Amino acid sequence: MCLFKPTGVQGKVEVGQQSVICTGCGCLCDDLDVAMAGGQLLEVSNVCLWGLSRFFPYKRFHPKKERRRILEPLGRLNGRLQGISYGAALEHAAEILGKARRPLIYGLTNTGSWAQEAALQLARNLKARLEPADLAFKAPYYHSVRKHGLYWAPLEVIRDEADTVLFWGANPLHSCPRHLVRYSVFARGRFTERGVEDRQVAAVDLYRTEVAKFCHLFVQVDPGQELHLLKGIREHLQGSPGPGPAVKGTRRLAGFLSKAEFGVIFFGRGAVYNQGLAVLDELGSLAAHLGEKQPFVLFPLASDFNSGGLYHLLFNELGVPEAPDFGHEGGLLTSAAPGDFDEVDAILVVGADLFWFLPEDQGRALQDRQVPVVSLSPFANRTTSCSQVVFPVALVGLEAAEVAYRMDGLPMVLKKLLPTAWPSDREILLDLMKAV
Amino acid sequence: MNIKITGGRLYDPARGVQGATQDLFIQGDRIVAHLPHPDRVIQARDQVVAPGGIDLRGQVATYGLNFLRLWNRFPSLKELGQLYAASGYTHVHEPFLTLYTAGYVHRQLAALPLVDTSASLALNLRDLDSSLKSPGQLEELGQTIKSLQEKTRSLDLRLIEPFVRYRQSYYSHRTMEAAKTLETLTRLALECGLRFNLEAGPEVLEAPLPETRAFHLAALGRALTEERQLEQALDHLEKGGTADLGFQARNASSIANEQPVKVDFGWYHPLNLNPKTKANGALGVMRLALQYQGPGLAFSVCGPVWDPTAEFPPCFSWLWDRAARPAAWERQLPGREFSLSEWAWATRTLPARLLGLADRGHLGPGARADVALFDLPPDTPSSQWAQSLSRCHTLLKAGEVVIENFDLVQPETPKATYYRRAGAEEGPLLAELCQYRSFRPENLWVADELGGAWVGLE
Ligand code: SF4
């Protein structure tokens with residue numbers, strides 16, 4: 001809970017209460033209450049610290065999370081970002097994107113579905129490549145589903161029924177903190193009424209994370225051991241453990257999984273850092289094997305709040321959850337592998353911080369080649385500081401209404417609660433479409 | 001616009017019109033008895049004129065269906081809407097909407113262009129079991145179900161599993177077997193004015209169906225595996241009940257993958273989105289369709305719909321052309337062949353009635369002008385009907401020409417989602433149902449923004 005009196009609100013104020021959905025991560029927790037007065041937020045309850053920074057971005061709740069709001073459109077003049085009018089920013093951005101031979105629209109996992117739809121249309125118009133910010137995380141999962149089949153369940157069912165939960169390369173305390181209390185570990189579901197006492201929880205990770213504190217079983221592996229561990233588990237489950245030394249914890253994990261009546265493996269980004277395709281292949285194969293006897297779900301723990309919405313859109317519109325390239329000479333080409341940016345000659349970043357995730361050498365290469373970047377962001381970040389044009393945007397779900405898909409693919413309506421001077425991502429994308 | 005469609009052979013079984021050459025008059029979005037000065041005349045010589053088709057069981061927006069696109073380049077919703085329109089359909093009814101996937105289903109339906117849409121609320125009886133066991137609570141249960149129907153913006157109700165069974169062994173004492181459950185549901189239906197679409201697995205047809213007014217048997221295809229089940233289904237129909245066929249029509253080879261694709265909705269069994277089609281899967285349905293000659297049988301296919309222009313015609317062919325039926329079926333099927341009137345009844349008139357769309361499925365004055373015109377000269381042999389009826393020459397929706405000369409000319413035609421406005425009271429049972437949800441009720445119920453344009457039917 002957070003409570004503070006905002007500046008400018010003095011004396012007795014009319015306080016209004018509202019229920020709100022948090023866009024801090026893919027959980028999209030909808031049980032938050034906010035108190036507001038004078039067009040400002042006073043208080044948010046039920047929110048985690050991670051989500052709190054969404055609501056009070058100026059406050060320093062986390063040492064690394066202090067952020068500066070961008071107050072006006074910015075354009076780079078004489079090497080420096082300076083305030084310009086919205087019209088001038090639009091004109092400049094349209095010129096950059098319109099002239100580009102191989103433009104890229106990047107990100108979109110942290111923006112609403114209406115903005116994602118507009119971005120896809122803009123990508124079509126510009127003959128651009130559109131790359132989801134978490135393609136490296138999701139693509140191996142879809143590859144694995146294609147190969148091993150699917151057993152899927154919404155978080156509702158997992159919370160009610162799952163008695164065996166395994167986190168693989170995932171630390172929900174950092175990526176989606178309330179996942180544990182709302183859905184997976186401590187949540188009291190219909191048939192898991194005693195919360196964690198009705199579940200068995202395990203985790204596999206390279207580091208001994210905080211998750212270990214509540215897990216019944218924690219297996220720490222060395223980098224590169226994941227595949228060996230997965231293979232060993234499979235062999236144990238099939239009753240034919242191979243010769244040679246097994247990764248420590250193999251037998252216990254196999255035993256843990258084999259007792260499940262309804263199991264779920266939540267995997268995080270840690271699962272794809274090293275040999276992601278092969279690890280997800282093995283995880284998919286393991287879930288399918290276990291699923292022959294009882295329900296067993298393999299579930300990507302997406303931390304970006306509308307990653308689900310973006311892949312849903314790509315499925316709907318293009319039939320494939322991959323990065324579409326509308327500028328490919330032979331017609332639409334989609335790719336499961338993140339691009340290497342070598343060909344790219346202009347980038348539009350929406351709902352992501354590209355330069356935060358980009359390996360340093362790639363970021364430097366883009367800057368050396370002077371690839372112009374247009375970014376849409378409510379806050380200053382690494383990408384905005386490298387951009388030619390920056391549009392400040394309204395915060396989705398607080399200053400702009402939108403739709404977003406929870407990490408299990410169920411859509412929710414995000415309300416506009418506060419007045420704002422800034423347009424939404426979607427409005428800017430639509431304006432860009434007209435201007436290009 | 002005022003339109004006259006002239007010279008066509010009308011098939012309007014609701015009014016007993018069976019291929020008579022008649023003119024049809026359209027004023028605005030409605031069919032009228034006569035129109036002295038039409039703005040436009042559509043020549044329909046050598047064409048069949050029928051109401052717009054209504055797919056009673058168009059599985060196009062089920063939660064999880066998107067995953068099928070991983071294997072088969074399953075058509076996009078845009079393509080699917082166009083394929084429906086191309087085959088003369090103007091309304092698609094999704095069978096699987098649940099309490100918490102309602103928003104998802106409606107958002108998908110809204111993205112399906114050209115055709116109007118609606119959905120069935122699939123109830124999980126496990127959520128309702130204690131009320132089902134308390135005779136004194138039936139009234140409140142009925143109100144709650146109506147309330148759920150309105151809040152999820154669904155048009156009718158569906159039961160996937162007509163029993164209460166728990167996966168958790170320690171809940172086994174709460175089991176309710178199918179016979180007992182159906183008996184209670186019958187009382188519930190009759191006392192509260194409800195009607196259930198009952199997905200007809202073999203188990204359903206094993207249990208005695210107590211009252212035809214309470215149930216519509218949906219997707220019979222999977223259930224008709226034995227003689228006894230065929231007799232049960234016939235008995236239900238002959239007593240005045242209704243059913244839809246649920247053809248397992250797709251050729252197994254059209255499914256590229258053999259992988260399991262299952263979604264767990266918290267029912268006893270997960271929903272299989274890639275069911276294996278049996279080589280002989282349509283035989284039971286064909287026997288039923290040809291033996292029964294009454295008004296209670298609608299056309300439907302079982303499983304996700306991939307391409308109505310390709311999937312439906314082979315089923316129609318079997319129905320109306322003996323020669324098209326596999327030779328192996330010859331001795332097991334009556335020699336009867338469907339008429340075009342029966343086709344129009346099963347794909348248009350009866351589906352409209354079952355969904356409560358009073359102004360659809362017929363061409364009488366006052367009906368909405370959803371009209372499909374197919375090239376089919378009078379002397380065309382039935383062996384060629386399927387080809388002619390798989391794609392419509394002209395389609396009008398609410399009086400607007402959407403397809404003309406086989407081309408889509410109005411891709412942005414308005415569409416709507418229909419739901420039942422039950423006007424029921426919210427009781428404590430509704431709050432009880434919500435208590436285990438991870439959504440707050442206001443986010444569980446379907447907001448305007450998740451679909452539409454909405455049309456609430458009283
Ligand atoms: S878990 Fe995620 S959605 Fe929930 S409050 Fe925290 S940041 Fe927000």
Side-chain angles (χ1 to χ4, degrees), chain A residues 19 21 27-32 113-114 142-143 145-161 163 182-183 187-191 193 261-262 288 291-292 294-295 297 311-321 401-403 405-406 408-415, chain B residues 63-80 98-108 111-112 126-127 166-171 257-267 270-271 273-274 435-444 446-451:
Chain A
S19 167
I21 296 172
C27 287
L28 291 178
C29 296
D30 75 335
D31 58 344
L32 277 61
S113 292
W114 297 335
Y142 289 120
H143 180 266
V145 172
R146 195 178 273 138
K147 194 164 164 194
H148 301 290
L150 175 83
Y151 193 99
W152 184 250
L155 289 166
E156 291 283 330
V157 174
I158 289 172
R159 164 185 149 119
D160 277 350
E161 312 239 2
D163 63 352
R182 280 174 60 78
Y183 311 116
R188 294 174 192 272
R190 178 109 196 254
F191 308 108
E193 283 173 283
E261 285 189 17
F262 188 122
E292 284 168 14
Q294 61 273 312
V297 183
Y311 290 95
H312 176 81
L313 176 70
L314 295 171
F315 263 128
N316 262 5
E317 295 271 322
L318 310 172
V320 273
E402 256 289 3
V403 167
Y405 284 71
R406 211 165 72 164
D408 58 358
L410 295 177
M412 309 185 73
V413 176
L414 309 175
K415 288 183 285 194
Chain B
Y63 174 70
L65 204 63
N66 253 344
F67 282 102
L68 285 182
R69 297 191 165 97
L70 280 173
W71 290 276
N72 278 48
R73 301 263 164 178
F74 193 61
S76 67
L77 286 169
K78 186 172 166 200
E79 289 163 335
L80 207 46
T98 68
L99 198 50
Y100 45 85
T101 63
Y104 176 94
V105 169
H106 281 305
R107 205 154 192 272
Q108 290 294 88
L112 190 72
R126 209 179 57 176
D127 291 339
Y166 288 84
R167 294 166 181 166
Q168 294 78 4
S169 51
Y170 50 87
Y171 276 93
N257 77 307
E258 288 297 312
Q259 307 291 357
V261 187
K262 294 183 180 172
V263 178
D264 198 319
F265 288 90
W267 304 327
L271 183 68
L273 294 176
N274 191 13
Q435 71 172 328
Y436 286 110
R437 307 292 158 201
S438 66
F439 294 100
R440 279 191 168 170
E442 67 261 34
N443 297 311
L444 195 55
V446 177
D448 282 350
E449 293 88 333
L450 288 179

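As the structure is a prediction and not an experimental result, all values here were calculated from the model. Computation of the quantities below employed the complete heavy-atom set of this structure, encompassing side-chain atoms and omitting hydrogens, waters and symmetry-equivalent molecules. So that the names make sense, note that chain A is the first sequence line, chain B the second, and so on, each numbered from 1.
Side-chain rings of B/Tyr166 and A/Phe191 approach one another, their centers coming within less than 6.0 Å.
Electrostatic pairing of B/Arg167 and B/Asp264 counts as a salt bridge here, judged by a charged N lying under 4.0 Å from a carboxylate O. Electrostatic pairing of B/Arg69 and B/Glu79 does not count as a salt bridge here, judged by no charged N lying under 4.0 Å from a carboxylate O.
A distance of 14.0 Å separates CZ in B/Arg437 from CG in B/Asn443, rounded to the nearest 0.5 Å. Interatomic distance, A/Leu410 CG to B/Tyr104 OH, rounded to the nearest 0.5 Å: 9.0 Å.
Looking only at heavy-atom pairs under 4.5 Å with chain B, the residue among A/Ile158, A/Asp30, A/Ile21, A/Asp31 that has the most is A/Asp30. Per-residue heavy-atom pair counts under 4.5 Å with chain A were compared for B/Glu449, B/Gln108, B/Lys78, and the maximum is reached by B/Gln108. Counting heavy-atom pairs under 4.5 Å between each of A/Arg406, A/Glu261, A/Arg182 and chain B puts A/Arg406 at the top. Each of B/Asp448, B/Val263, B/Asn66 has some count of heavy-atom pairs under 4.5 Å with chain A, and the biggest count is that of B/Asn66. Taking A/Arg190, A/Lys147, A/Glu317, A/Glu193 one by one and counting their heavy-atom pairs under 4.5 Å with chain B, the maximum is reached by A/Arg190. In terms of heavy-atom pairs under 4.5 Å with chain B, the best-connected choice from A/Leu28, A/Val145, A/Asp160 is A/Val145. Comparing B/Val446, B/Leu444, B/Asp127 by heavy-atom pairs within less than 4.5 Å of chain A, the highest count is held by B/Asp127. For the set A/Gln294, A/Met412, A/His143, A/Arg188, the count of heavy-atom pairs under 4.5 angstrom toward chain B peaks at A/Met412. Counting heavy-atom pairs under 4.5 Å between each of B/Lys262, B/Glu442, B/Gln435 and chain A puts B/Lys262 at the top. Between chain A and the options B/Phe439, B/Tyr170, B/Tyr171, heavy-atom pairs under 4.5 Å are most frequent for B/Phe439.
By the neighbour-count criterion of 12 heavy atoms within 6.0 Å, atom NE2 of A/His148 is densely surrounded, having more than that number from other residues, nucleotides or ligands.
Taking the six-membered ring where the residue is Trp, B/Phe67 and A/Trp152 present tilted rings, their angle falling between 30° and 60°.
Between the side chain of B/Asn274 and the backbone N or O of B/Gln259, at least one donor-acceptor pair lies under 3.5 Å. For the pair B/Tyr100 (side chain) and B/Phe265 (backbone), a donor-acceptor distance under 3.5 Å is present.
Contact of A/Asp408 with chain B is made through backbone and side chain together, with heavy-atom distances under 4.5 Å. With a threshold of 4.5 angstrom between heavy atoms, A/Leu313 does not approach chain B through any atom at all. The part of A/Pro295 that comes within reach of chain B is its side chain, from C-beta onward, which places non-hydrogen atoms under 4.5 angstrom from that chain. At a 4.5 Å heavy-atom cutoff, the contact between A/Phe262 and chain B is made by side-chain atoms alone. The contact between B/Arg107 and chain A is made entirely by side chain atoms (from C-beta outward), counting heavy-atom distances below 4.5 Å.
Using a 4.5 Å cut-off on side-chain heavy atoms (C-beta onward), A/Arg146 and A/Val320 make contact.
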